Amino acid sequence: MRPGARWNVAALVACALAFCVFAIYRVRYVGGCDSSAYLLESMRIRGAAPGLELDPDVPFKGPLAPLCMVERRGLVFSFFPPGFPLLLALGGYLGAPFFVTPVLGAASGLALFFALRVRSHPAIALGTMLAWLCSPMVFWGSTQVMSDLPACAFAVFCVCALLRGRPRAAGALLGFSLAIRPTQVLLFPVLVLLAPKLRTQARVVVGLALALAAWALFLVASRGGLWTSYGHNLADLDGAAWKYQLPFLLRQTLLLHVPVALLALVSLARPSAVLPWFAWFGLFLGLYSLWHWPFDDWWWMRYLLPALPAVFLAAAEGATVVADRLRGRSRSAAAVVGAGMVGGYAAWTFFASPAKSHTNATFDVRYPLEVASLEHLVPAGSLVGSLNLSGPLRLYSRYQSFFWCHEDTPALIEWAVEHGRPVYLALDDAENDCNRAAKEVAARHGLYPNAVGTLPSGRVLRLLGPPR
């Protein structure tokens, strides 16, 4: 076996082992707004009848769409972009939707290795790959039904394709990633820096245009139009947020990746070589430093996952600088530095980082348990209003749930009163306050939320009815 082939085999073995670990710790159930909407949309795409059918007797269709989903022209679909649900649908055809992110997580490490083979010694490339697969953020993303890791993986695939002389493929992969997260457009300037020749850039644009055209056709065929509501997130950008978001993101990047981050700083000895990587990380850092949400724990770094490969690519360049200083370009120096990178980072990750217990699996079994407990309390034909349970009710049952916070919910309750349809509410105290108009309508008809049972989470199930 050729020496180079041995490194490739080692990377493939590491990829397979990483997949096994991610698969063992993957989630088995979903229920949160994002994950349930992704899974429901994937089931809709493959015609798996996930319970998104609308009750034809109910004239107010808008509230019948669960949280993070919308109703348009009689269809209910996720308001998130369709890229990740399509990947889940492909996994669903194989009976394994919850294995999609474990596959992508392991594959992202392999793509990082082959990208680095173009610019680094294979020992450093392998060490960087192994460090990547030890990252708490990669582990987290590879075990969840969330779009963070898929967006990250396709960013690595895109850059790998460009570095290995496949600019059209790089453009197409970028186009696909835009349908996972539109913010992936920030990768385009990085590709320009990596491929300064106009001919190469033109080929990237051709691949990108073909992918976007394919997505337009898919949206028209699947949703009846090009509409997506992702753009409303732009309203959440806040220039005042950077004062606390930027320090948080920089601090957590360092604390989660100290050995890797230090090597990335060493790479500044070769500024022209690492400019694309620092631009990559900096563009995403700048965007999410303006995000309105107050980040308060390490796992909020998931938003920066699509930029995290840039830190590891820069670290590989820094490791090359160190190897060169140790003993020229000898194989042994590169091997020592590569082993030191993965060993030091693994030790930091599992014993010192803020996420050292990140391998604790959390399966959201509480959502199907909540829904199952309703079956003994809610008669068939009832309308069940909720916020966070509105998606799981469609996933794990066939109740006609409605979104309590929707602006048309008061009109829906008026209609239910007139037609004798019982209305139940599965809300906690905070959720109950999001629609005072609906409560006022119910009170006007002498209906009050009377407790009829308690769900496993402690959430009280209530029936809108006359006081007892």
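Note that this is a predicted model, so its numbers are computed, not measured.
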Closest approach of Tyr244 to Ala240 (non-hydrogen atoms, all atoms of both residues): CE2-O, 4.0 Å
Is there side-chain contact between Leu173 and Phe154, with heavy atoms separated by less than 4.5 Å? yes
Trp215 and Leu86, any side-chain heavy atoms less than 4.5 Å apart: yes
Pairwise side-chain contact, Met137 with Trp298, heavy-atom cut-off 4.5 Å (strictly under): yes
Criterion side chain to side chain contact (heavy atoms under 4.5 Å, CB included) against Ser135, the qualifying member of Val311, Leu308, Thr349: Leu308
Between Phe139 and Phe22, how do the two ring planes meet: parallel, tilted or perpendicular, split at 30° and 60°? perpendicular
Quick one: which residue pairs count as a side-chain hydrogen bond (donor to acceptor under 3.5 Å, both in side chains) with a foot in residues 150-177, not counting sequence neighbours? none
Rounding to 0.5 Å, atoms CG (Leu383) and CG (Leu425) come to a distance of 10.5 Å
Where the side chain of Ser222 meets the backbone of Leu219, is there a donor-acceptor pair that is under 3.5 Å apart? no
With under 30° as parallel and over 60° as perpendicular, where do the rings of Trp300 and Tyr303 fit, or are they tilted in between? parallel
For the side chain of Ser42 and the backbone of Leu39, is there at least one donor-acceptor N/O pair under 3.5 Å apart? yes
Please give me the minimum heavy-atom distance between Phe98 and Arg26, naming the atom from each residue. O-CD, 3.3 Å
Is the backbone of Leu67 close enough, under 3.5 Å, to the side chain of Ser390 for a donor and an acceptor to pair up by distance? yes
Indicate yes or no: at least one non-hydrogen side-chain atom of Arg251 is less than 4.5 angstrom from one of Leu254. no
Disulfide bond (SG atoms under 2.5 Å apart) partners of Cys15, counting only residues at least two apart: none
Looking only at heavy atoms, which two atoms of Arg394 and Pro66 are closest? And how far apart? CG-CG, 3.8 Å
Please round to the nearest 0.5 Å and tell me the distance separating atom SG of Cys68 and atom CG of Asp34. 5.0 Å
Checking the side chain of Thr409 only, and the main-chain atoms of Cys405 only, is there a donor and an acceptor separated by less than 3.5 Å? no
Heavy-atom check, side chain of Phe188 versus side chain of Leu178, under 4.5 Å: no
Can you name the closest pair of heavy atoms from Cys160 and Ala111 and give their distance? SG-O, 3.5 Å
Counterpart residues, side chain to side chain contact (heavy atoms under 4.5 Å, CB included), relative to Leu275 (two or more places apart): Leu193
Applying salt bridge (charged side-chain N to carboxylate O under 4.0 Å, His left out) to Arg44 and not counting sequence neighbours gives Glu41
Ring centres under 6.0 angstrom apart (Phe312, Trp277): no
Set of side chain to side chain contact (heavy atoms under 4.5 Å, CB included) partners for Leu186, sequence neighbours left out: Leu283, Phe284, Leu287
CA sep, side-chain torsions, deciding dist, call: Met43, Leu52, side chain to side chain contact (heavy atoms under 4.5 Å, CB included): CA-CA 9 Å; Met43 296 170 75; Leu52 291 178; over 6 Å; no
Any donor-acceptor pair under 3.5 Å from Gln201 side chain to Ala195 backbone: yes
Does any non-hydrogen side-chain atom of Val21 lie less than 4.5 Å from one of Leu133? no
Taken in chain and number order and not counting sequence neighbours, the residues that satisfy salt bridge (charged side-chain N to carboxylate O under 4.0 Å, His left out) with Arg302 are Asp148
Mind running side chain to side chain contact (heavy atoms under 4.5 Å, CB included) on Leu104 and Leu87 for me, showing each step along the way? CA-CA 10 Å; Leu104 290 174; Leu87 294 172; 4.0 Å; yes
Is it true that a side-chain atom of Ser142 and a backbone atom of Ala106 form a donor plus acceptor pair closer than 3.5 Å? no
Where is the tightest heavy-atom contact between Ser36 and Gly391, given as atom of each residue plus distance? OG-CA, 4.2 Å
Can you see which heavy atom on Val145 is nearest to which on Val27, and at what distance? CG2-CG2, 3.6 Å
According to side-chain hydrogen bond (donor to acceptor under 3.5 Å, both in side chains), does anything in residues 89-110 pair up with another residue at least two apart or in another chain? List the pairs. Ser108-Trp132
Give a yes or no answer on whether the side chain of Gln245 reaches the backbone of Trp291 with a donor-acceptor pair at less than 3.5 Å. yes
Are the side chains of Val384 and Phe402 in contact, using a 4.5 Å heavy-atom criterion? no
Any side-chain hydrogen bond (donor to acceptor under 3.5 Å, both in side chains) involving residues 52-69? Give me the pairs, sequence neighbours left out, ordered by first then second residue. Asp55-Arg421
Any side-chain heavy atom of Thr253 sitting closer than 4.5 Å to one from Leu285? no
Donor-acceptor pair, Trp280 side chain versus Leu191 backbone, under 3.5 Å? no
Value rounded to 0.5 Å, distance of OG1 in Thr183 from OH in Tyr288: 3.5 Å
Tell me every residue that passes salt bridge (charged side-chain N to carboxylate O under 4.0 Å, His left out) with Arg119, counting only those two or more places apart in sequence or in another chain. none
Has Ser386 got a side-chain atom pairing as donor or acceptor with Ala426's backbone, closer than 3.5 angstrom? yes
In this structure, CE of Met146 is separated from CH2 of Trp140 (nearest 0.5 Å) by 4.5 Å
Output all residues satisfying ring pair (Phe, Tyr, Trp, His ring centres under 6.0 Å) with Tyr396, sequence neighbours left out; order by chain, then residue number. none
Okay, side chain of Ser353, backbone of Ala355: is any donor-acceptor separation there less than 3.5 Å? yes
Sequence neighbours excluded, which residues qualify as side chain to side chain contact (heavy atoms under 4.5 Å, CB included) partners of Ser147? Tyr38, Phe84, Ile180, Arg181
Please enumerate all residues that pass salt bridge (charged side-chain N to carboxylate O under 4.0 Å, His left out) together with Glu71, with sequence neighbours excluded. none
What is the distance from atom CG of Leu212 to atom CG of Leu217, rounded to the nearest 0.5 Å? 11.0 Å
Step by step, would you call Phe77 with Ile45 a side chain to side chain contact (heavy atoms under 4.5 Å, CB included)? CA-CA 9 Å; Phe77 50 82; Ile45 289 172; over 6 Å; no
Run the numbers on Leu313 and Leu112 for side chain to side chain contact (heavy atoms under 4.5 Å, CB included), then give the verdict. CA-CA 8 Å; Leu313 288 161; Leu112 189 68; 3.8 Å; yes
Got a second to check how far Tyr345's OH is from Cys134's SG, nearest 0.5 Å? 7.5 Å
